[in-house]
Amino acid sequence: MQQIVHFIIKYKYFLLFLLLEVIAVSLTIRSHSYHTSKFVNSANALTGGFYNKINSVREYSNLKTYNEQLLEENTRLKNLLSIKEMDTSNTPIVVIDSNKYHQKYSYIPAKVIKNQYHKKYNYLTINKGAEQNIKPDLGVINSRGIIGIVNTVKNNYATVLSILNDNSKINVRLKKSMHFGTMHWDGNDPNILQLIDLPIRANLKQGDTIVTGGMSTIFPEGLPVGIISSFDIENNAYKDVNINLFNDMTAVGPVYIIMNFDKEEILELEETTLNE
């Protein structure tokens, strides 16, 4: 303790100079938007680089899960490319090349380099940003289902509002019917989410498949979500409806960011309608 006190006394002027320098730099950054922007971008680049290093180590423990997801995706795509659809008379069915017509969605591959799943408000960080045309409010998925929605974007990195976030509300529906509801998370099990606002006429059963509802510009309709694991009925309404996710939200690696080419047109139309 005496050595510390002696050190402070001996170098008090130098330490005071460093303190004043830090205060001066801090005030300069906060009072000038240009300096603030440069500081934030630099900090984001350093943070992103740090997460990349940490993620490289963590990936080894999840290689089996990642490989299984990539294998599922590659198998599905290969099957789609190799299928030759035939009718009952063995007459080839004409398959329309969608590239020649209106394409509604495109997908940008990315990788999760930070994944939160144990808090009430969880976020993920991906290694793609504004330079790769990533924008806020884009859907994020993988081969097993939905992951979240892009939140904030920097040059080469972006954060994603996880479906394991109290602010996340996703429109979903029963695969077997057109009955819609809202999926959210109660903050407990990261692989079990809850379904609310589902009408009693939906005739819900354990094991029913849940998919995205498509009633927004973020996720296409019909993306896999999970299956109903349990529910109760009280006062002629569904209660405590639990969805067992297809995804393992504790081990998320490769993902796809969804871009809806019609998003701006749809939002503009809806805004015009509301203002009438």
Side-chain angles (χ1 to χ4, degrees), residues 69 72-73 76-77 80 98 102-110 112 115 117 122-124 126 134-151 158-186 189-199 201-231 238 241-249 252-267 269-270:
Q69 293 179 4
E72 289 176 4
E73 184 74 3
R76 186 179 69 84
L77 293 175
L80 289 175
S98 61
H102 179 67
Q103 182 181 355
K104 188 173 182 180
Y105 298 100
S106 69
Y107 300 83
I108 301 176
V112 172
N115 179 22
Y117 52 83
N122 292 299
Y123 290 86
L124 305 96
I126 57 176
I134 305 302
K135 300 177 182 179
D137 298 326
L138 298 182
V140 181
I141 65 171
N142 65 6
S143 61
R144 293 183 177 180
I146 60 177
I147 303 297
I149 300 172
V150 175
N151 185 54
T159 60
V160 177
L161 178 76
S162 172
I163 59 174
L164 305 180
N165 190 303
D166 194 55
N167 291 326
S168 175
K169 302 291 187 291
I170 306 295
N171 169 251
V172 296
R173 69 171 176 87
L174 287 174
K175 185 178 181 181
K176 68 180 183 181
S177 69
M178 294 301 292
H179 290 100
F180 294 86
T182 301
M183 184 177 70
H184 76 107
W185 187 48
D186 63 4
D189 192 324
N191 290 312
I192 297 180
L193 273 70
Q194 286 64 50
L195 178 61
I196 60 175
D197 301 330
L198 188 70
R201 292 185 178 182
N203 191 25
L204 191 63
K205 294 181 180 179
Q206 188 174 357
D208 281 347
T209 300
I210 302 298
V211 297
T212 51
M215 296 183 69
S216 74
T217 58
I218 298 176
F219 294 108
E221 182 181 2
L223 294 178
V225 175
I227 60 173
I228 298 297
S229 58
S230 64
F231 64 91
Y238 289 114
V241 182
N242 292 315
I243 304 173
N244 192 356
L245 297 178
F246 293 132
N247 249 325
D248 181 359
M249 289 300 294
V252 182
V255 294
Y256 299 95
I257 298 96
I258 305 173
M259 300 187 70
N260 185 344
F261 294 137
D262 293 341
K263 181 177 181 178
E264 298 300 328
E265 181 180 349
I266 294 172
L267 293 178
L269 176 63
E270 291 177 347

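Bear in mind that the values here come from a model prediction, so they are computed numbers and not experimental data.
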In the structure I gave you, are the side-chain heavy atoms of [X] and [Y] within less than 4.5 Å of one another anywhere?
{"X": "Gln194", "Y": "Trp185", "value": "yes"}
{"X": "Asp248", "Y": "Tyr117", "value": "no"}
{"X": "Val112", "Y": "Val160", "value": "no"}
{"X": "Phe246", "Y": "Val225", "value": "no"}
{"X": "Lys104", "Y": "Asn260", "value": "yes"}
{"X": "Leu161", "Y": "Tyr123", "value": "yes"}

Quick one: does any side-chain atom of [X] pair with a main-chain N or O of [Y] as donor and acceptor, under 3.5 Å?
{"X": "Ser230", "Y": "Asn242", "value": "no"}
{"X": "Asp197", "Y": "Thr182", "value": "no"}
{"X": "Tyr238", "Y": "Leu204", "value": "yes"}
{"X": "Asn122", "Y": "Ser162", "value": "no"}
{"X": "Asn115", "Y": "Met249", "value": "yes"}
{"X": "Asp208", "Y": "Lys205", "value": "yes"}

Next item on the list: Answer yes or no: are there more than 12 heavy-atom neighbours, outside Glu221 itself, under 6.0 Å from its atom CD?
Entry: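 Counting other residues, nucleotides and ligands, CD of Glu221 exceeds 12 neighbours.
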Margin query: For the NZ atom on Lys176, are there more than 12 heavy atoms of other groups (residues, nucleotides or ligands in this structure) within a distance under 6.0 Å?
Written below: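 Yes, enclosed.
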How long is the span from the [atom1] atom in [X] to the [atom2] atom in [Y], to the nearest 0.5 Å?
{"X": "Tyr105", "Y": "Thr217", "atom1": "OH", "atom2": "OG1", "result": "8.0 Å"}
{"X": "Tyr256", "Y": "Ile108", "atom1": "OH", "atom2": "CD1", "result": "12.5 Å"}
{"X": "Ile147", "Y": "Ile141", "atom1": "CD1", "atom2": "CD1", "result": "8.5 Å"}
{"X": "Ser168", "Y": "Leu193", "atom1": "OG", "atom2": "CG", "result": "7.5 Å"}
{"X": "Ile228", "Y": "Leu174", "atom1": "CD1", "atom2": "CG", "result": "6.5 Å"}
{"X": "Arg173", "Y": "Thr209", "atom1": "CZ", "atom2": "OG1", "result": "11.0 Å"}

[X] and [Y]: which non-hydrogen atoms are nearest, and at how many Å?
{"X": "Ile257", "Y": "Ala110", "answer": "CD1-CB, 3.4 Å"}
{"X": "Ala158", "Y": "Ile134", "answer": "CB-CG2, 4.4 Å"}
{"X": "Pro199", "Y": "Phe180", "answer": "CD-O, 3.6 Å"}
{"X": "Arg144", "Y": "Asn247", "answer": "CB-OD1, 3.4 Å"}
{"X": "Asp189", "Y": "Asp186", "answer": "N-OD1, 4.5 Å"}
{"X": "Gly214", "Y": "Asn171", "answer": "N-OD1, 3.6 Å"}

Note to self: As a quick check of understanding, evaluate side-chain contact (heavy atoms from CB on, under 4.5 Å) for Val172 and Phe219, giving each step before the final call.
What the structure shows: CA-CA 10 Å; Val172 296; Phe219 294 108; over 6 Å; no
Note to self: Using the rule given for side-chain contact (heavy atoms from CB on, under 4.5 Å), can you reason through Lys135 versus Val150, listing the C-alpha separation, both sets of side-chain angles and the distance that settles it, and then say yes or no?
What the structure shows: CA-CA 7 Å; Lys135 300 177 182 179; Val150 175; over 6 Å; no
Notebook entry, point to check: Knowing that exactly one of Ile170, Ile149, Leu138, Ile146 qualifies, which makes a side chain to side chain contact (heavy atoms under 4.5 Å, CB included) with Ile218?
Noted result: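 Among the candidates, only Ile149 passes.
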